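Presented below is the structure to which this report refers.
Start at 1 and go down the list; that is how both ligands and their atoms are numbered. As the structure is a prediction and not an experimental result, all values here were calculated from the model.
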Amino acid sequence: MENIEIAGYLEELGDLLEIKGSNPFRIRAYRNAVRTVRGLTRPLAAMVAAGEDLTALDAIGKDMSSHIAELVQTGGLQRLTEVSSEVPRSLVQLVKLDGVGPKKAKKLWESLKITNVDELEVALKEGRVESLEGFGATSVAKILTSIEDFRRFSGRFLISKVDALIGPLLEHMRAAPGVERLEVAGSYRRRSETIGDVDLLVQAELPAPAVMEHFTTFSSVERVALAGETRGSVVLRSGLEVDLRVIPDRSFGAALHYFTGSKEHNIAVRQIAQRKGLRVNEWGVFRLPEGVDPEEVGKEDGERVAGDTEDSVFDALDMRWVAPVLRENRGEVQAAVKDALPELVTLEDILGDLHMHSTWSDGKASVEEMAKACASRGYRYLAVSDHSPALAMVQGITPERAVEQWEEIARVQGGLEGITIFKSLEVDILGDGSLDMTDEVLEVLDLVLVSVHSLMDMDRVRMTDRVLTAMQHPQVDILAHPTGRLLARREPFQIEMEEVLQAARDLDVAVEINANPNRLDLNDVHAHRAKELGVKVSINTDAHSVQRLDHMSYGVDQARRAWLNKEDVLNTMTLDQVQVWLNRRDGKHA
Ligand code: DGT
Ligand code: CA
Ligand code: CA
Ligand code: ZN
């Protein structure tokens, strides 16, 4: 079981206990444990297997530790089963709706026997909710809208989609009267895989009604959810939600830090501040007189120590500035205090792309077009890695056609200077772990990628065995899109990543961060684990057209989110170094 699944169970249990009305301290214990589990880079399953003491972890006491062990060992949680016999599990859906929360969910359930979103919608429309204590007409309208949004826009947006949507809005807002500075904060600034909503920050003298007016009248706004003095919220026709906050000069850096998040990072930073007798919030960093309870005074009370720039906030806390991609509370706060942050890989470090398709299989561009496009991106090498024949949807490369493709590659190479084309294939891993290509061809190839494209519903044990078997083939160089996920469309297949990554280390096989924004596979946690184990990571676009070679930046962002530096990434190597690496096994390319 993955850490993220364990966190999911604990979060669900916490929500149910809160609906049930359990002791607030217990509920907080669950919330804190979830945060710790989400922030861990080491797999809990491995720690349990090794008999490690989990109570040494932050916020993990005896109970949480035994919950985690139980989840790892049995795949379920007795306590959750017990609680859900009292409180229906589907109530967790309600808690996620804007305007509901645990208390209201409990009320709806107890008074009206509502257990899920569908039933809630019916009850709202029949007017049965309005008369309940604590609801009323405004609250009913708000919940109805959030159900509508939940339905219509339930999916989060891929970051690439937001990139594509946000340009005109930013341009529009830069032209707003009185705007001195404009930044996007939130998960977008952290370059998360998917974005819930966009958090725009504008620096302007308050009050700034013209800025808000400018925002809500943007041509793509479909609905204005909120238009206050400093805060606005709209839904664009695309379904994208955008929050705007107008912030005065003195607080802009503190607000940028606060609204960049993540929430978990903010909490960790606040703890650092507390130890120094300081208070950090979205308005600045403040020193409160001794004995003053921060809960009892205004947000800008005390002596202002910092806040106009983000740098000033980190400086005031004696921390190095932390790149937004790292702000997930996975050790970056401690590293910033100790001046031990990683030097993250950048797009400029990338010297080649080792996974792409041409018209020889399902790509749209010829070998020559892809090679020239790579050269124009400043690369020194590329791998043309078309599909093997097993992939029925596309015309794969048979051993006979492979020989023909090599002739074309040689011809194209003859007309190019400064960039080297590697003969490659993306070879299917068949159901039994064997490779969909003859050994004769594999031996001639410069670089062999392997990946799973079929029979993805295998159970975890068989899938893991299948991939491990494939990796043992002596010609394999890179395991491509290792979990097969498609963000917001297809779950990763069941596979024991820890075993796969350890095998990659032992066999000297690289793993891919597939840079396609629909995949971003490996995810940040697994890619970080690869780094810890010393496994090389290759950031590849898997481009099927010239244009999609530009997806490299998404892969680099993912690598940065995984703390990878240049040395961790295969395709930051020079041509000579890559060639040495490709010949790392004796007897290959004899
Ligand atoms: P998203 O929109 O779901 O993709 O993720 P974020 O991280 O953009 O979350 P969002 O839009 O709800 O809030 C933006 C940031 O504001 C978040 O990353 C941290 C900060 N923030 C929001 N609510 C809280 C809170 O209750 N406590 C703390 N410490 N920070 C918060
Ligand atoms: Ca957001
Ligand atoms: Ca937001
Ligand atoms: Zn591919």
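- Of the options Val448, Leu447, Leu449, a side-chain contact (heavy atoms from CB on, under 4.5 Å) to Leu445 is made by Val448 and by none of the others.
- Considering just the N/O/S atoms of Asp542, the one nearest the Zn ion (ligand 4) carries the name OD1.
- Within Asp243, OD2 is the N, O or S atom that lies nearest to the Ca ion (ligand 3).
- At least one N, O or S atom of His357, from either the backbone or the side chain, sits less than 2.8 Å from the Zn ion (ligand 4).
- Atom OD2 is the N/O/S atom of Asp199 found closest to the Ca ion (ligand 2).
- For His355, the nearest N, O or S atom to the Zn ion (ligand 4) falls under 2.8 Å.
- Glu426 contributes atom OE1 as its closest N/O/S atom to the Zn ion (ligand 4).
- Salt bridge present: Arg181 and Glu183 bring a charged side-chain N and a carboxylate O closer than 4.0 Å.
- Partner of Val569 under the side-chain contact (heavy atoms from CB on, under 4.5 Å) criterion, out of Leu351, Val556, Ile350: Ile350 alone.
- Partner His355 forms a side-chain hydrogen bond (donor to acceptor under 3.5 Å, both in side chains) with one of Thr541, Asn540, Asp542 and no other, that one being Asp542.
- With hydrogens and angles ignored, the 3.5 Å screen pairs a side-chain donor or acceptor of Asn266 with a backbone N or O of Tyr258.
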